[in-house]
Number of protein chains: 4
Amino acid sequence: MTEAAGRDATDGATPRQETRSRLPPEARMPQILEAAIEEFAERGYAGARMAAVASRAGIAKGLIYHYFPSKAELFQASIAACARPIFEDAERRLSGFQGSARQLLADLIGLAYARIREEQRERALFRLILTEAERVPALAEFYRREILERALGIAQAVLRAGIASGEFRPAAAALPGLAAVIMAPAVAGSVWQMILGDAAPDLAAMQAAHLDLLLAGLGAGGPAG
Amino acid sequence: MTEAAGRDATDGATPRQETRSRLPPEARMPQILEAAIEEFAERGYAGARMAAVASRAGIAKGLIYHYFPSKAELFQASIAACARPIFEDAERRLSGFQGSARQLLADLIGLAYARIREEQRERALFRLILTEAERVPALAEFYRREILERALGIAQAVLRAGIASGEFRPAAAALPGLAAVIMAPAVAGSVWQMILGDAAPDLAAMQAAHLDLLLAGLGAGGPAG
Amino acid sequence: MTEAAGRDATDGATPRQETRSRLPPEARMPQILEAAIEEFAERGYAGARMAAVASRAGIAKGLIYHYFPSKAELFQASIAACARPIFEDAERRLSGFQGSARQLLADLIGLAYARIREEQRERALFRLILTEAERVPALAEFYRREILERALGIAQAVLRAGIASGEFRPAAAALPGLAAVIMAPAVAGSVWQMILGDAAPDLAAMQAAHLDLLLAGLGAGGPAG
Amino acid sequence: MTEAAGRDATDGATPRQETRSRLPPEARMPQILEAAIEEFAERGYAGARMAAVASRAGIAKGLIYHYFPSKAELFQASIAACARPIFEDAERRLSGFQGSARQLLADLIGLAYARIREEQRERALFRLILTEAERVPALAEFYRREILERALGIAQAVLRAGIASGEFRPAAAALPGLAAVIMAPAVAGSVWQMILGDAAPDLAAMQAAHLDLLLAGLGAGGPAG
DNA sequence: CATGAATGAGGGTTCATTCAT
DNA sequence: TATGAATGAACCCTCATTCAT
C-alpha cells in the first residue's frame with residue numbers, strides 16, 4: 001500500500017537524493033517485513049514478487065537476500081512478525097474482570113469488533129492464513145493454536161462465569177459447540193470485511209445484534225433451561 | 001534420458017489411427033472446467049499451472065486454448081461454472097414452507113451445515129473467493145450478490161415469518177445486523193473447515209449449539225423484548 | 001563454435017525463414033547435447049550459460065528444459081554422451097593381433113596419437129574431466145574406470161606379450177609403475193594440446209621419440225636385465 | 001534473524017577502539033592472494049566467489065578491492081604469486097652438477113616427483129592452468145614459458161650431457177620430441193594425482209619405472225644406436 | 001479437433017562491485 | 001584501512017501462450 005516511489009523516472013528537476021541509506025539491520029529488517037506482509041497479503045504467496053517487496057521497501061531486489069535467504073523464508077518470517085500475542089489484551093481483561101458476566105461479554109465483543117475494524121496488520125495475517133494454510137501447514141497450526149483455541153478458551157471462560165453467577169442458563173454448559181458459535185459472528189464479520197470491504201455487512205450493526213442475540217440466547221430464561 | 005516421447009499422434013500419411021477421444025465442445029468444456037476448478041482451488045490463481053489443468057483433464061496443454069483464450073478467462077469461466085443456484089434449494093424450501101418458523105429455521109440450518117460438510121465443489125468455490133477476491137473484483141461481487149445477499153434474504157424472511165407468527169420477539173426486527181449474525185456461524189464453520197480440516201470445531205456440535213442459541217435468543221421472552 | 005545466427009536483427013530483406021522447426025526428440029536431444037558439450041568444454045560447468053547452449057543449438061533457452069530438467073542434469077547427460085567405448089578399437093586390435101609385440105606397441109601408440117590429434121569430442125571430454133573432476137566425483141570415477149584402467153590394461157597386455165616372446169626384457173615385469181609410464185607421454189601430449197594448442201610440443205615428434213624410447217628401454221638388452 | 005552485525009568499526013568519534021588488525025599492504029596482500037589461490041584452485045575462475053576469498057582471508061569483502069581492482073585482476077595476481085622460480089632448484093642443481101649424467105637424471109627425476117607429491121601450491125597452480133588456460137591466454141603462455149620450456153631445457157641439457165659423456169646413445173640427439181617424452185610421465189603423474197587423488201597410479205612406482213625406462217632407453221646400447 | 005515442441009517474458013536468486021560509515 | 005550494507009546485472013529456471021504437424 002505504501003508503493004514506494006519508483007526509481008524509474010529520472011525526473012531531472014529534483015536533485016536526486018536517491019542516495020543509498022545504509023540502515024542497521026535492526027531498522028532494515030522490519031522495513032522489509034512490513035513490505036513483505038503487504039505484498040503477500042495482497043497477492044498471496046505465489047503471486048507475490050520479490051521485486052515488488054523490494055520496491056515497496058524502497059530497496060534493491062538483491063538486498064532482501066542479505067536478510068532472508070529465500071522467498072519461502074521471508075514468508076515464514078512475515079508470518080512470525082504478525083504473530084504477536086493477539087489475545088493478550090482479551091485474556092488480561094478476562095482474568096482481572098470484576099463485574100457481571102454479561103458486562104464481560106459485552107466488553108470482549110466490543111474488543112473483538114474493534115480489532116476487526118482497526119487492526120490493519122491482523123487483517124493481513126488473517127488473509128495470509130486463509131490463502132496459504134493449505135500450502136503451509138504451519139500456518140493452519142498457528143491459527144489453531146494461537147487464535148482459535150485461545151478465542152474458544154475465552155468464550156468458554158465467559159460461559160462458565162455466567163453460568164456460575166446464574167446469569168446464563170446452565171444448559172449452555174451441555175452444548176460443546178457453543179463456544180465456537182459464540183465467537184463465529186466476529187469471524188464471519190472479518191471474512192466479509194476481507195472479501196467485500198465497504199460492501200460487507202455493517203460491523204457496528206453486527207456487533208449490536210451479536211451481543212443482543214447472545215444475551216437473549218444465553219439468558220437464564222432460555223428454551224433449553 | 002531418452003524420453004521416448006511424441007510420434008504417437010497422426011502422422012499425416014496413415015488416416016488417423018489412434019487420435020485421442022475427439023469430443024464435441026459440449027463434452028470437453030466441462031471436463032476442462034472441472035480440472036481448472038480443482039487446480040485453481042488448490043493452488044490459487046497465480047499458483048495454478050495450465051499444464052496441470054490439462055493434465056488433470058487428461059488432455060494436451062494446447063487444447064485448453066481451443067476452448068478458453070487465456071488463463072484469466074479460464075479462471076472466470078471456472079467461477080461461473082461453480083455459480084450454480086446455490087440457494088435454489090433453500091429458497092424453494094422457504095417459499096413452500098408450511099410449518100412453524102422454528103421448524104423452518106431448523107430445516108434451513110440443517111441444510112446449510114449439510115452443504116458445508118458435503119459439497120466439494122462449493123468448498124472449492126469458497127476457497128477461490130477468499131483467495132482471489134481482492135485480485136478479481138468480479139469474484140467479490142459474485143459472492144455478494146449470489147451468496148451473501150441471498151443468504152441474508154433467507155434469514156430475513158425467516159425472521160419476519162417468526163415475528164409475524166409470534167414465535168420470535170418483535171424487537172428482532174429492529175436489529176439490522178441480525179440476519180448476518182444468524183448466518184455467521186455457518187460461514188465461520190466453513191472457514192474453519194477450509195483452514196483446519198479435521199482439526200476444525202466439530203460441525204455437528206456447532207449446528208446443535210447454533211440452532212439452540214438462535215431459538216433461545218430469538219424466542220418471544222428475550223431481553224430486548 | 002557453431003554460434004547460431006542470432007535472431008536479433010530483423011533485417012527486413014530476407015523473408016525470415018526463421019520459422020520454428022519442430023524436430024522429434026530423437027533429433028533435438030543430440031543437437032542440444034552437442035551444443036552443451038561444446039559450451040561446457042569451453043567454459044567449464046560454472047562458466048557455461050544455458051543461454052549459450054541454446055544459442056549454439058539454435059533454439060530458445062526454455063526448450064532445453066523440455067529435454068533436461070536442469071543444468072546439472074544436462075551436464076551429466078553431456079558426459080554420458082561422450083562416454084562411448086573409447087578403447088574398443090585398441091582392445092580389438094590387441095586381442096586379434098598376430099605379429100610381434102614391438103609391432104603391436106607401434107600400432108597402439110600410433111592409434112593413441114591419432115586419437116589425440118583428431119578426436120574433437122574426446123578432447124572436450126578430457127577437458128571436462130580435468131576441469132570438473134573435483135566437483136563431480138562421478139567424472140573422476142568415469143575417468144579411472146573407463147580410461148585409465150583400460151589403458152593400463154592394454155599396456156600391461158603388451159608388456160606381457162613382449163616379455164613372453166622374448167622381445168622385452170623380463171625385468172620389466174617387476175616394475176609395477178611401468179604401464180603408467182608407458183602410456184604417460186600420450187597423456188601429457190594431450191594435456192599440452194589442450195593447454196597450448198599449436199604451441200604444444202609437436203605430436204608427431206613425440207610419437208616418434210615415444211616409440212623409440214620404449215623400444216630401446218624395453219628391449220632385451222636393457223640395464224635392469 | 002536478528003543478525004547482530006556491523007557497528008563494531010570506527011565510528012568517527014571514538015579514536016579507533018577495536019579496528020581489526022590494520023596491516024600494511026605488504027602483509028595484507030599475501031594473505032589475500034593465498035586465499036584467492038585456494039578458492040580459484042578449488043572452484044575454478046567462474047565458480048570462485050569473492051566473498052569466499054574474503055572469508056578465507058578473514059577479512060571483509062570490500063577490503064579485497066583496496067588491493068585488487070577486480071576479480072579478473074585478483075586472478076592474474078594469484079597466478080603471478082604462484083609463479084615463483086619453480087625450476088630454480090632444478091636449474092641450480094643442473095649447472096653445478098659434477099657426477100654422471102645418469103646420476104643427474106636420477107636426481108632431477110627425484111626432485112620432480114617430490115614436488116608433485118608435496119607442493120600444495122604448485123598443484124593449485126597446475127589446476128588453474130588446466131582449468132582456465134583456454135579462457136586466459138596469459139595462463140597458457142605462462143605455462144609454456146615458465147614451466148614447459150624450462151623443463152624441456154633441463155631435459156635437453158641432461159640429454160646433451162649424457163651424450164657428450166658417452167652415457168647416452170648419440171642417436172637420442174636426433175629425436176626432437178625426446179625431451180618432451182622424457183618429462184611426460186611426471187606431467188601425467190601430476191594430472192592423475194589431481195584428478196584421482198589416492199586412486200591415481202602410485203607415484204613412487206612410477207618414479208622407479210620412469211627412471212628405469214629412461215636409463216635403459218637412453219643407454220649407449222639402444223636400438224637406434 | 002488434438003498434440004506437444006517451441007518460444008519468450010519474467011521471476012527467484014547470486015554475486016561482483018560500490019560506497020556510506 | 002576496514003566494514004558490510006546496498007546495488008544491479010546476469011543467471012537459472014518456469015510457464016502462459018503459440019503453432020507446425
Side-chain angles (χ1 to χ4, degrees), chain A residues 7 19-25 28 46-52 54 59-67 69-72 74, chain B residues 5-12 16 19-25 28 46 48-54 59-67 69-72 74, chain C residues 7 19-25 28 46 48-52 54 59-67 69-72 74, chain D residues 3 5-12 16 19-25 28 46 48-54 59-67 69-72 74:
Chain A
R7 130 183 359 238
T19 182
R20 311 210 245 190
S21 62
R22 192 177 187 89
L23 296 181
R28 189 63 88 189
R49 285 171 296 119
M50 295 297 271
I59 59 173
K61 217 176 16 163
L63 187 54
I64 299 175
Y65 291 89
H66 271 279
Y67 296 88
S70 67
K71 185 184 184 181
L74 174 61
Chain B
R7 275 262 182 256
D8 37 336
T10 59
D11 61 347
R16 167 183 324 169
T19 320
R20 282 200 221 284
S21 64
R22 188 188 186 91
L23 295 181
R28 190 65 89 191
R49 286 168 297 124
M50 295 296 270
V53 173
I59 59 172
K61 242 181 332 177
L63 190 52
I64 298 178
Y65 290 88
H66 273 276
Y67 296 90
S70 71
K71 185 184 183 182
L74 174 61
Chain C
R7 127 183 3 236
T19 181
R20 313 210 244 188
S21 62
R22 192 178 187 87
L23 294 182
R28 189 63 88 191
R49 284 169 298 119
M50 295 296 271
I59 59 174
K61 220 178 7 168
L63 187 54
I64 299 177
Y65 292 89
H66 271 279
Y67 296 90
S70 68
K71 185 184 184 181
L74 175 61
Chain D
E3 283 269 348
R7 274 257 183 261
D8 38 338
T10 59
D11 61 348
R16 167 180 327 170
T19 320
R20 282 202 220 283
S21 64
R22 188 187 186 92
L23 296 181
R28 190 63 90 191
R49 284 169 297 123
M50 295 296 271
V53 172
I59 60 173
K61 240 181 334 175
L63 190 52
I64 298 177
Y65 290 88
H66 274 276
Y67 296 90
S70 70
K71 185 184 184 182
L74 174 61

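Residue numbers begin at 1 in each chain, while the letters A, B, ... track the order of the sequences. These numbers come from a predicted model, not from an experiment.
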Exercise for the section: Both distances under 3.5 Å, Watson-Crick or G-U wobble: on that basis, could you give the dot-bracket string for DNA chain F, with [ ] for crossing pairs and | for other-strand partners? Expected result: .||||||||||||||||||||
Exercise for the section: Applying side chain to side chain contact (heavy atoms under 4.5 Å, CB included), run through B/Ile59 and B/Arg28 and close with a yes or a no. Expected result: CA-CA 10 Å; B/Ile59 59 172; B/Arg28 190 65 89 191; 3.5 Å; yes
Exercise for the section: Apply the test side chain to side chain contact (heavy atoms under 4.5 Å, CB included) to residues B/Lys61 and B/Val53: give CA-CA distance (whole Å), side-chain angles for both, the deciding distance (0.1 Å), then the verdict. Expected result: CA-CA 8 Å; B/Lys61 242 181 332 177; B/Val53 173; over 6 Å; no
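At whole-Å resolution of the value, CZ in A/Arg22 and P in F/dA5 are 7 Å apart. The interatomic distance linking A/Leu23 (CG) with E/dA20 (P) rounds to 14 Å, in whole Å. Per the geometry, CD1 belonging to C/Ile59 stands 10 Å off C1' belonging to E/dA5, to the nearest Å.
Between C/His66 and C/Leu63, the closest side-chain pair of non-hydrogen atoms falls below 4.5 Å.
The nucleotide whose nearest atom lies closest to any side-chain atom of B/Ala60 is, among F/dT3, F/dT7, E/dT3, E/dT3.
Using a 4.0 Å cut-off, some side-chain N or O of B/Tyr67 falls inside it from OP1 or OP2 of E/dA2.
Checked by atom type and distance alone, the side chain of C/Lys71 never pairs as donor or acceptor with a backbone atom of C/Arg49 at under 3.5 Å.
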Completion exercise
Quick tally for nucleotides 12-18 of chain F: nucleotides whose base has a protein heavy atom under 4.0 Å get B, sugar-phosphate-only ones S, the rest -, giving BBBSSBB
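Smallest separation of non-hydrogen atoms from A/Ile64 and A/Met50: CD1-O, 3.4 Å.
Within 4.0 Å (heavy atoms only), C/Ile64 reaches no atom of the nucleic acid at all.
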